[in-house]
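Structure first, then comments.
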Amino acid sequence: MEYAPAPQSADHVRLEDRYGAFVDGAFRDTDEYFPSINPATEETIAEVGLADEAVVDEAVGAARTAYESHWRDLPGKERAKYIYRIGRMIKEKSREFAVLESMDGGKPIRESRDMDIPLVAAHFFHYAGWADKLEYALPGPGRPHSLGVCGQIIPWNFPLLMAAWKLAPALATGNTVVLKPAETTPLTALKLAEVMQEAGLPPGVVNIVQGAGEVGSALVEHPDVDKIAFTGSTEVGKHIQKQLAGTKKRLTLELGGKGANIVFEDAPIDQAVEGIVDGIYFNQGHVCCAGSRLLVQESVAEEVTRKLRDRIATLRVGDPLDKNTDIGAINSKQQLEKIRRLVDVGEREGADKFQPECDLPDDGFWFPPTFFTNVTQSHRIAQEEIFGPVLSVTTFRTPEEAVERANNTEYGLASGIWSDKGSKLFSISQALKSGVIWGNTYNKFDPASPFGGYKESGFGREGGVHGLLPYLERPSQSWQAQTPTNGSPSTRPASSTSAGTSPEPKADDT
Ligand code: NDP
């Protein structure tokens, strides 16, 4: 079917040509600037101030002053007013945020408009609600109290959403923040800084420093930071954990994944195919919890791959600002090269590649939806995180084999199970080593629901009551969540850990 173009106008996005670092409530000049480019056109959108060590130091100093002079002592209900206000203003400016997110990061406008930005606002609303209820959230002797200055480092795949996941609980619990967005997607965080100014958030409570890994590293090493919250690759996460070993700084890590999407023969196949597509091609596959390994029961493997082939032939790759686009631009040239490299490895190792015919734009960074069959467990494409729209398909015969294959990875972030039988969903999910498990759906997020990993996918949880814990000093380590009155089972949240003592979450942590 031919679609007429349905472009979303970018006219209402108000942008400065240049943004400095956001320190102590104001944008300040920096010595150097770097361009933030649109990955769909390779054009510069705006220039952004590169923070050096002195700027990071200034930002941490501003956060410390704001923390000690008022923010930590502000009653929760007063903090909540600011956080609600920020949430409301994001909703009011949601279209501008969505368009800018798609321009800066390459994701389809349908996703930034319908998923990223509504979830951003929802996170602020959710945690605003917790700010004056911390004692109820964390029962036990003594009052829970904040940690101090938090350094937060986020990746480029969900720039504003990752900022919201980090900022909202930190502010609700009375901490102040220095945030380091990814170098390729700095812009929506800077618009958020404008919102914070407009919302009257006291200067220094949130500071934003921009630049590449060195800026994050300077933040990690700063002696006056009390906690680091990092989302990004396992490689950098391990490095940070080593840097912090032996210090008193708290650490939470949200790292990579290689999610297994398991389709049983009794699953509703057409729905499962939609779930497979959503699991791997959503956000160009730049998703830590992507269902990048499809495990399909042998008896339905031929039917599933045939339907998947037909379905991905209908996906539209192209302009992220077109409302009909399913797959937008790859976030950066560097990421495109990584995807191409691993796809070449897959072919060299003997897997069979399928890619539909599609016309890709001349400028910008693009990769068509792809899947591999004839994949074995030892193939690199079955083990390594590609972080692109590339799926590896393997088969299994029995539920036991499915579990063994699904758990045969160094990661443990997310999985999906597709089956008509509720009992099978429950028994398989008990056996999977994943922080998040979806049943007959994939990639569903909610601010009230905790998210985080096992094994090399990190530790600590974001979202819900669990997401408060990494930002609070608990008066008693014997704290245990009470059974909620809605009858759902009691949970024991994974703790944030001091660096160097990082136990893997136990089975009951999920
Ligand atoms: P990176 O680990 O390279 O970067 C993440 C952030 O850390 C960026 O802001 C980056 O800066 C910064 N950084 C890089 N090096 C250092 C360092 N030495 N010290 C401190 N900060 C540093 O990951 P990507 O940005 O490439 O993101 C993709 C990865 O993130 C994937 O592996 C994905 O699975 C994972 N991820 C995990 C999520 C989760 O919740 N578990 C969610 C989203 C992504 P810069 O980019 O400017 O160089």
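As the structure lists them, so they are numbered: ligands from 1, and atoms in each ligand from 1.
Taking every heavy atom of Glu183 and a limit of under 4.0 angstrom, the matching atoms of ligand 1 come to 45 (P), 46 (O), 47 (O). Of all the atoms in ligand 1, the ones that sit under 4.0 Å from a non-hydrogen atom of Glu254 are 37 (C), 38 (C), 39 (C), 40 (O), 41 (N). Every atom of ligand 1 with a heavy atom of Ala182 under 4.0 Å away is listed here by number and element: 9 (O), 46 (O), 47 (O). Atoms of ligand 1 lying under 4.0 Å from any heavy atom of Leu413, numbered from 1 in the order shown and given with element: 41 (N). Residue Gly216 approaches ligand 1 through these ligand atoms, each under 4.0 Å from one of its heavy atoms: 19 (N), 20 (C), 21 (N). Of all the atoms in ligand 1, the ones that sit under 4.0 Å from a non-hydrogen atom of Gly211 are 47 (O).
Here the heavy atom of the protein found nearest to atom 19 (N) of ligand 1 is Ser217 N, 3.5 Å. Of all protein heavy atoms, the one lying nearest to atom 32 (O) of ligand 1 is Glu385 OE1, 2.6 Å. Taking atom 16 (C) of ligand 1 as the reference point, the nearest protein heavy-atom neighbour is Val236 CG1, 3.4 Å. For atom 26 (O) of ligand 1, the closest non-hydrogen atom of the protein is Trp156 NE1, 3.2 Å. Protein heavy atom in closest approach to atom 12 (C) of ligand 1: Ile153 CG2, 3.7 Å. For atom 45 (P) of ligand 1, the closest non-hydrogen atom on the protein side is Lys180 NZ, 3.5 Å. Looking from atom 48 (O) of ligand 1 to the surrounding protein, the closest heavy atom is Gly213 N, 3.4 Å. At the shortest separation from atom 37 (C) of ligand 1 among protein heavy atoms lies Leu255 O, 2.9 Å.
Counting heavy atoms closer than 4.0 Å to ligand 1, residue Glu214 contributes nothing at all. Looking at Thr234 against ligand 1, nothing comes within 4.0 Å, counting heavy atoms. Residue-level proximity to ligand 1 for His239 is carried by the side chain, the only part with a heavy atom below 4.0 angstrom.
Checking side-chain atoms of Asn407 against main-chain N and O of Lys433 turns up a donor-acceptor pair under 3.5 Å. The backbone N or O of Phe459 sits nowhere less than 3.5 Å from a side-chain atom of Tyr454 that would complete a donor-acceptor pair. No donor-acceptor distance shorter than 3.5 angstrom exists from the side chain of Arg110 to the backbone of Asp326, with no hydrogens or angles considered.
Judged purely by distance below 3.5 Å, without hydrogens or angles, the side chains of Ser378 and Glu349 never pair a donor atom with an acceptor atom. When only modelled atom types and interatomic distance are considered, Lys166 and Thr231 share a side-chain donor-acceptor pair under 3.5 Å.
The aromatic rings of Trp130 and His126 sit perpendicular, their planes meeting at an angle over 60°, well past the 30° parallel limit. Ring-plane geometry between Phe22 and Phe27 is classed as tilted, the angle between the planes lying from 30 to 60 degrees on a 0 to 90 degree scale. Taking the six-membered ring where tryptophan is involved, the planes of Trp156 and His286 are perpendicular, since the angle between them exceeds 60° and thus also 30°.
Taking only nitrogen or oxygen atoms, main chain and side chain alike, Asn157 does not reach within less than 3.5 Å of ligand 1. Not one N or O of Pro155 is nearer than 3.5 Å to an N or O of ligand 1, by distance alone.
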**Request:** Show your reasoning for whether side-chain contact (heavy atoms from CB on, under 4.5 Å) applies to Asp104 and Thr188.
**Result:** CA-CA 8 Å; Asp104 203 24; Thr188 43; 5.6 Å; no
**Item:** Glu194/Lys191 under salt bridge (Lys or Arg N to Asp or Glu O under 4.0 Å): CA gap, chis, key distance, verdict
**Value:** CA-CA 5 Å; Glu194 290 178 352; Lys191 287 306 270 185; 3.0 Å; yes
**Test log, rule salt bridge (Lys or Arg N to Asp or Glu O under 4.0 Å), inputs Arg18 and Asp29** = CA-CA 9 Å; Arg18 221 173 213 216; Asp29 285 339; over 6 Å; no
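Among the candidates Trp418, Phe451, Phe445, the single residue satisfying the ring-ring contact (aromatic ring centres under 6.0 Å, His included) test with Trp438 is Phe445.
Atom CZ of residue Arg293 and atom CD1 of residue Ile280 lie 11.5 Å apart, to the nearest 0.5 angstrom.
Remark: among candidates Cys288, Ser457, Ser233, Pro159, the nearest residue to atom 23 (O) of ligand 1 is Ser233, based on non-hydrogen atoms. When the heavy-atom distances from atom 35 (C) of ligand 1 to Gly256, Gly452, Pro186, Gly232 are ranked, the shortest goes to Gly232. Of the options Thr184, Ile154, Leu179, the smallest heavy-atom separation from atom 6 (C) of ligand 1 is shown by Ile154. With distances taken over non-hydrogen atoms, the option nearest atom 33 (C) of ligand 1 out of Phe230, Phe451, Phe387 is Phe387.
The nearest pair of heavy atoms linking Ala163 to Leu179 is CB-CD2, 4.1 Å.
In this structure, Cys289 does not count as a contact residue of ligand 1, since none of its heavy atoms falls inside 4.0 Å of the ligand. Distances shorter than 4.0 angstrom occur between a heavy atom of Pro181 and an atom of ligand 1.
A cation-pi arrangement is found for Lys227 relative to Tyr471, the charged atom lying closer than 6.0 Å to the ring centre and inside a 45° cone about the ring normal.
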